[in-house]
Protein chains: 2
Amino acid sequence: MSDKMLDLVARRFRTLGEPYRLRILQVLEEGDRSVGELVATLDGNQPNVSKHLQILFDAGLIGRRREGTTVFYAISDPMVFKLCALVCSSEAEKSRRDFEALAGKPGRSKR
Amino acid sequence: MSDKMLDLVARRFRTLGEPYRLRILQVLEEGDRSVGELVATLDGNQPNVSKHLQILFDAGLIGRRREGTTVFYAISDPMVFKLCALVCSSEAEKSRRDFEALAGKPGRSKR
DNA sequence: TGACTGTATGCTTCCATAGTGATACAGTCA
DNA sequence: TGACTGTATCACTATGGAAGCATACAGTCA
């Protein structure tokens, strides 16, 4: 993989590396939402939500449509949920390993 | 998904959000490597490589084994490559869309 | 046009983390 | 044990980016 591609991929990972943005995506998974709805749902302030939305939009993960003064955002790349599912299962697996290392072999240090 | 889980997932994404670490993983995909070998291959300085390896290790993505004074690292969670593949294909798709938006419909602004 | 609502953008502060050199530590061999 | 190699850690600087406030901008309605 080229260095440029690596940078792009890393950038995409960083986009997803923010809990607040993951929460936004999670809400949007249920359906389109306006900025105001997201602000209310996530209990955040409007400029911050707008900025995160912009970042997700630039990354191509969400799309937007305008109705009057209201802007609705929606998932445009469902890949993100596959990613999250993968990471979640991997995370669960890691927890299991960590647990077994602690419970099963108490004398064996990690290091 | 719980907030704690979201934090874990976000953290994992951030771990992968560093080009240098992706390069390390890419090299390790070909097989185990010692720290020294990685330093030589990646043309980096040793403390930096060691720190990135530690981060990947803490995340459970790589494992290590010691032989004398030498420490070998190896992929322990192949999931990362699935993640990268997903992101890559999504990235390619996005590029295609961007291109078509530019070439196919020159009059239509994104905003 | 002016007032109002909904959204985006500037600017500043602050925190997390990458890079780097010096140095500590672990293991091997004389 | 002392010298040497390979790796990890410490202390520091610098940078990216998130949060928050103020404010600008867009669209609607009187």
Side-chain angles (χ1 to χ4, degrees), chain A residues 3 6-28 32-59 61-74 108-111, chain B residues 3 6-28 32-59 61-74 108-111:
Chain A
D3 278 16
L6 276 181
D7 273 9
L8 282 174
V9 173
R11 170 166 288 277
R12 168 90 38 131
F13 278 132
R14 262 174 296 163
T15 300
L16 294 172
E18 183 64 27
Y20 205 95
R21 285 198 282 270
L22 292 181
R23 289 179 64 202
I24 290 179
L25 291 171
Q26 218 174 207
V27 174
L28 289 180
D32 304 15
R33 291 286 187 280
S34 72
V35 177
E37 287 170 339
L38 286 170
V39 170
T41 304
L42 297 173
D43 193 33
N45 69 48
Q46 181 268 320
N48 199 29
V49 171
S50 266
K51 257 186 290 192
H52 283 303
L53 287 169
Q54 185 64 48
I55 290 169
L56 291 169
F57 180 80
D58 289 342
L61 299 176
I62 60 177
R64 68 178 146 207
R65 81 173 188 279
R66 176 150 223 148
E67 286 184 14
T69 65
T70 306
V71 176
F72 288 91
Y73 285 88
R108 197 155 172 262
S109 143
K110 264 199 298 203
R111 176 182 282 243
Chain B
D3 278 16
L6 275 181
D7 272 11
L8 281 174
V9 173
R11 168 166 288 279
R12 168 88 41 128
F13 278 132
R14 262 174 295 160
T15 300
L16 294 172
E18 182 64 28
Y20 205 95
R21 285 198 281 271
L22 293 181
R23 289 179 64 202
I24 290 179
L25 291 171
Q26 219 173 207
V27 174
L28 290 180
D32 304 15
R33 291 286 187 279
S34 72
V35 178
E37 287 170 339
L38 287 170
V39 170
T41 304
L42 298 172
D43 193 33
N45 70 46
Q46 181 268 321
N48 199 28
V49 171
S50 267
K51 246 189 298 193
H52 283 304
L53 286 169
Q54 185 65 48
I55 290 168
L56 291 169
F57 179 79
D58 289 342
L61 298 176
I62 59 177
R64 68 177 146 208
R65 81 173 190 278
R66 175 148 223 149
E67 286 185 13
T69 65
T70 307
V71 176
F72 288 90
Y73 285 88
R108 196 158 172 262
S109 144
K110 262 198 299 199
R111 185 181 275 246

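Note on naming: letters A, B, ... go to the chains in the order of the sequence lines (proteins, then strands), and numbering restarts at 1 for each one. In what follows, every heavy atom counts, from backbone to side chain, and hydrogens, waters and symmetry copies are set aside.
Candidate nucleotides dG6(D), dG21(C), dA8(C) were compared by shortest atom distance to the side chain of R64(A), and dA8(C) ranks first. When distances run from any side-chain atom of H52(B) to the nucleotides dT17(C), dG19(C), dA26(C), the shortest one goes to dG19(C). Considering only side-chain atoms of P47(A), the nucleotide from dA26(D), dA8(C), dA8(D) that sits closest is dA8(C).
Distance CG (L56(B)) to P (dA18(C)): 10 Å, rounded to an integer number of Å. Across the protein-nucleic acid pair, R33(B) atom CZ and dG6(D) atom C1' stand 17 Å apart, rounded to whole Å. Here the P atom of nucleotide dA8(D) and the CZ atom of F57(B) are 10 Å apart, to the nearest Å.
A donor N or O paired with an acceptor N or O is not found under 3.5 Å between the base of dA18(D) and the side-chain atoms of E18(A). No donor-acceptor contact under 3.5 Å links the side chain of Q54(A) to the base of dA8(C).
Remark: the backbone N or O of G68(B) is paired with a side-chain donor or acceptor of R66(B) at under 3.5 angstrom. Of the possible polar contacts, none joining the R21(B) side chain to the L56(B) backbone as a donor-acceptor pair under 3.5 Å is found. Here the side chain of R64(A) pairs no donor or acceptor atom with the backbone of V71(A) at under 3.5 angstrom.
In this structure, I55(A) reaches the sugar-phosphate backbone alone: every heavy-atom distance under 4.0 Å involves primed, P, OP1 or OP2 atoms, never a base. Among the protein residues, S50(A) comes within range of the nucleic acid bases, having at least one heavy atom under 4.0 Å from a base atom.
In this model, the phosphate group of dG17(D) is approached by a side-chain N or O of R14(A) to a distance below 4.0 Å at OP1 or OP2. R21(B) has a side-chain polar atom (N or O) that falls below the 4.0 Å cut-off from OP1 or OP2 of dA18(C).
dT28(C) and dA3(D) make up a base pair, with Watson-Crick or G-U wobble contacts both under 3.5 Å. Nucleotide dG16(D): paired with dC15(C) (Watson-Crick or G-U wobble, both distances less than 3.5 Å).
Comparing N45(A) and F72(B), the nucleotide of DNA chain D nearest to each residue sits closer to the 5' end for F72(B). The residue among V71(A) and K51(A) whose nearest nucleotide of DNA chain C lies closer to the 5′ end is V71(A). Comparing N48(B) and Y20(A), the nucleotide of DNA chain D nearest to each residue sits closer to the 5' end for N48(B).
Between Y20(A) and H52(A), the ring-plane angle classifies as parallel under the 30° and 60° cut-offs.
Residue-environment remark: CZ (R14(A)) exceeds the threshold of 12 foreign heavy atoms within 6.0 Å.
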